[in-house]
Amino acid sequence: MLNDVQAYIDSNEAVFIEDLKTILKFPSVSADSKFKQDLLNCADWLKKHFEDIGLTAEIIPTAGHPIVYAEWLGAPGAPTVLVYGHYDVQPPDPLNLWTTPAFEPTIRDGKIYARGATDDKGQFLTHVKAVQSWMKVHGKLPVNVKFVIEGEEEVGSNNLDLFLEANKKKVACDVAVISDCPQYGPGLPAITYGLRGMYACEVTIHGPNRDLHSGAYGGSVANPATYLAHMLASLHDKQGKIQVAGFYDGVIPLDDDERTAYAALPFDEKTYLNDIGLKVGFGEPGFTTNERRWARPTIEINGLYSGYIGEGPKTIVPSYAFAKITCRLVPGQTPHEVGRSLETHLRQQCSIAIRMDFKEYHGCEASLVDRHSPYMAAAKKAIKTGFGKEPLLIREGGTIPVVKTLKDMLGVDTLLLGWGLNSDCLHSPNEHFTLADYQRGTKASAALFTELAK
Ligand code: BES
Ligand code: MN
Ligand code: MN
């Protein structure tokens with residue numbers, strides 16, 4: 001049965017690429033309210049698309065951008081698979097660095113370029129295309145499927161939890177599947193069994209009530225930019241070890257099995273650095289690059305602003321300075337505790353001569369998935385079918401908040417089956433997705449439904 005489905009996927013390659021182009025044209029940027037209608041249009045298209053391929057679908061409003069829910073439950077007694085994805089995308093800025101416009105999908109060298117190509121429209125669409133292929137060829141699937149495609153992942157998934165909490169029955173399932181992460185490398189498919197969590201905040205340092213003449217006042221008042229720089233510099237030592245009291249409390253160390261397994265993965269530091277234009281790596285002493293990015297917590301300054309940054313000099317003491325900060329969390333840490341240690345540290349480093357405001361955004365814990373479940377075994381076989389290779393077992397450093405929620409709220413494990421690559425420029429200009437991976441991912445998904453039914 002599966003062979004006919006795979007043949008259908010092969011012969012419909014061009015049609016499936018057209019569908020991908022269609023969804024990539026919606027500028028569904030969740031962070032920026034001027035795109036609100038575009039998110040609605042994208043959700044609308046998706047709902048109709050689900051209906052066209054034989055599912056029931058609905059648009060579920062939230063306090064923010066809507067969720068698209070779709071299901072096919074025609075396989076009583078068979079397992080139920082919940083596919084999660086997100087149709088929202090990151091802002092495309094800086095626009096001038098795109099070779100072709102972010103929302104005019106363009107194919108070059110076997111890759112499709114557009115914001116959302118790999119994160120996450122191209123990746124989640126593989127499961128839609130797999131379902132479509134099963135429905136077209138056999139009029140049914142070997143398992144029940146539910147889709148939850150949200151519009152707020154890139155801004156922290158705040159309303160998704162409320163939806164899941166209020167609709168536990170509707171979203172009940174045996175296993176969840178998410179394709180919103182990378183393979184280990186080109187030609188190296190992987191299953192991700194761990195993701196880092198997140199804590200996000202913003203700190204503002206308020207000084208004088210206006211920018212001051214730095215000659216008239218400089219030296220007699222605290223400069224917010226200088227103080228912010230002190231405070232931020234105190235977060236790490238020169239080697240990159242975090243200096244915030246309590247920050248590492250509770251961190252569950254990597255077990256020996258994992259360290260051995262990571263050390264055995266193919267990894268070329270030079271190639272890794274070359275791709276991002278660097279010659280020398282950096283990070284917490286005592287850990288390898290993969291350990292640092294998968295299993296160690298971080299504090300990153302994401303953005304920093306104060307004073308005058310236009311052309312030419314300007315002699316002022318700025319009135320304020322601010323920074324956006326995010327932490328990546330690992331198992332054993334909670335956003336609340338990390339937030340308190342960070343805030344306490346910053347307040348201690350601040351001067352009584354100025355005022356510090358601390359604003360919290362979103363947070364979620366890290367997630368780890370059972371590596372030895374029967375679902376894992378099914379996913380390994382499916383990837384072998386779709387990609388022609390056994391997948392590697394890896395963790396990833398990024399965050400997908402729903403994974404932890406699904407575990408805590410529904411007791412469900414997630415299969416993180418990434419078809420993308422970290423080099424796909426997600427969140428950067430010229431985001432792209434390899435079309436061969438789009439097709440291989442679709443085939444792996446089609447095979448996964450067969451394997452999970454066993
Ligand atoms: N698809 C990414 C998550 C990801 C990236 C997983 C790389 C593994 C490797 C997702 O869309 C994302 O960007 N998540 C945000 C979450 C945040 C806004 C809560 C992230 O990781 O910064
Ligand atoms: Mn994503
Ligand atoms: Mn993202």
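For ligands, and for the atoms within them, numbers begin at 1 and follow the listed sequence. Index from 1, following the sequence.
- Atoms of ligand 1 found under 4.0 Å from any heavy atom of P182 (numbered from 1 in listed order, with element): 8 (C), 9 (C).
- Of all protein heavy atoms, the one lying nearest to atom 11 (O) of ligand 1 is E153 OE1, 2.7 Å.
- Counting backbone and side-chain atoms alike, D120 contributes no N/O/S atom closer than 2.8 Å to the Mn ion (ligand 3).
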Check against side-chain hydrogen bond (donor to acceptor under 3.5 Å, both in side chains), D88 and S30: CA-CA 6 Å; D88 67 319; S30 51; 2.7 Å; yes
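- Heavy atoms from other residues, nucleotides or ligands lying under 6.0 Å from NZ of K241 number more than 12.
- Remark: at the Mn ion (ligand 2), atom OD1 from D119 and atom OD2 from D180 enclose 150°, rounded to the nearest 10 degrees.
- If you number the atoms of ligand 1 from 1 as listed, the ones under 4.0 Å from a heavy atom of H362 come out as 19 (C).
- A salt bridge links K443 with D10: the closest approach of a Lys/Arg side-chain nitrogen to an acidic carboxylate oxygen falls below 4.0 angstrom.
- Residue H86 places a heavy atom less than 4.0 Å from ligand 1.
- Two rings, from F26 and F103, have their centers 6.0 Å or more apart.
- Contact annotation for R328 and ligand 1: only side-chain heavy atoms (C-beta onward) come within less than 4.0 Å of the ligand.
- For Q90, no nitrogen or oxygen atom sits less than 3.5 Å from a nitrogen or oxygen atom of ligand 1, counting backbone and side chain alike.
- Atom 17 (C) of ligand 1 has as its closest protein heavy atom M198 CE, 4.0 Å.
- Counting heavy atoms under 4.0 Å from ligand 1, residue D119 touches it through the side chain alone.
- Residues W134 and Y8 place their aromatic rings such that the two centres sit no closer than 6.0 Å.
- Relative to the ring axis of F16, K129 places its NZ or CZ within 45° and under 6.0 Å from the centre.
- At least one N, O or S atom of H86 sits under 2.8 Å from the Mn ion (ligand 2).
- Cation-pi geometry between K170 and Y69 is met: under 6.0 angstrom from the ring centre, within 45 degrees of the axis.
- Residue-environment remark: OH (Y262) exceeds the threshold of 12 foreign heavy atoms within 6.0 Å.
- From the protein, the heavy atom lying nearest to atom 16 (C) of ligand 1 is T399 O, 3.4 Å.
- Around CD1 of I309, the count of heavy atoms belonging to other residues, nucleotides or ligands within 6.0 Å does not exceed 12.
- Restricting E154 to its N/O/S atoms, the shortest distance to the Mn ion (ligand 3) is reached by OE2.
- In D109, the CG atom is not crowded: 12 or fewer heavy atoms of neighbouring residues, nucleotides or ligands sit closer than 6.0 Å.
- Among the backbone and side-chain atoms of E153, none of the N, O or S atoms lies under 2.8 Å from the Mn ion (ligand 2).
- At least one heavy atom of H427 sits less than 4.0 Å from an atom of ligand 1.
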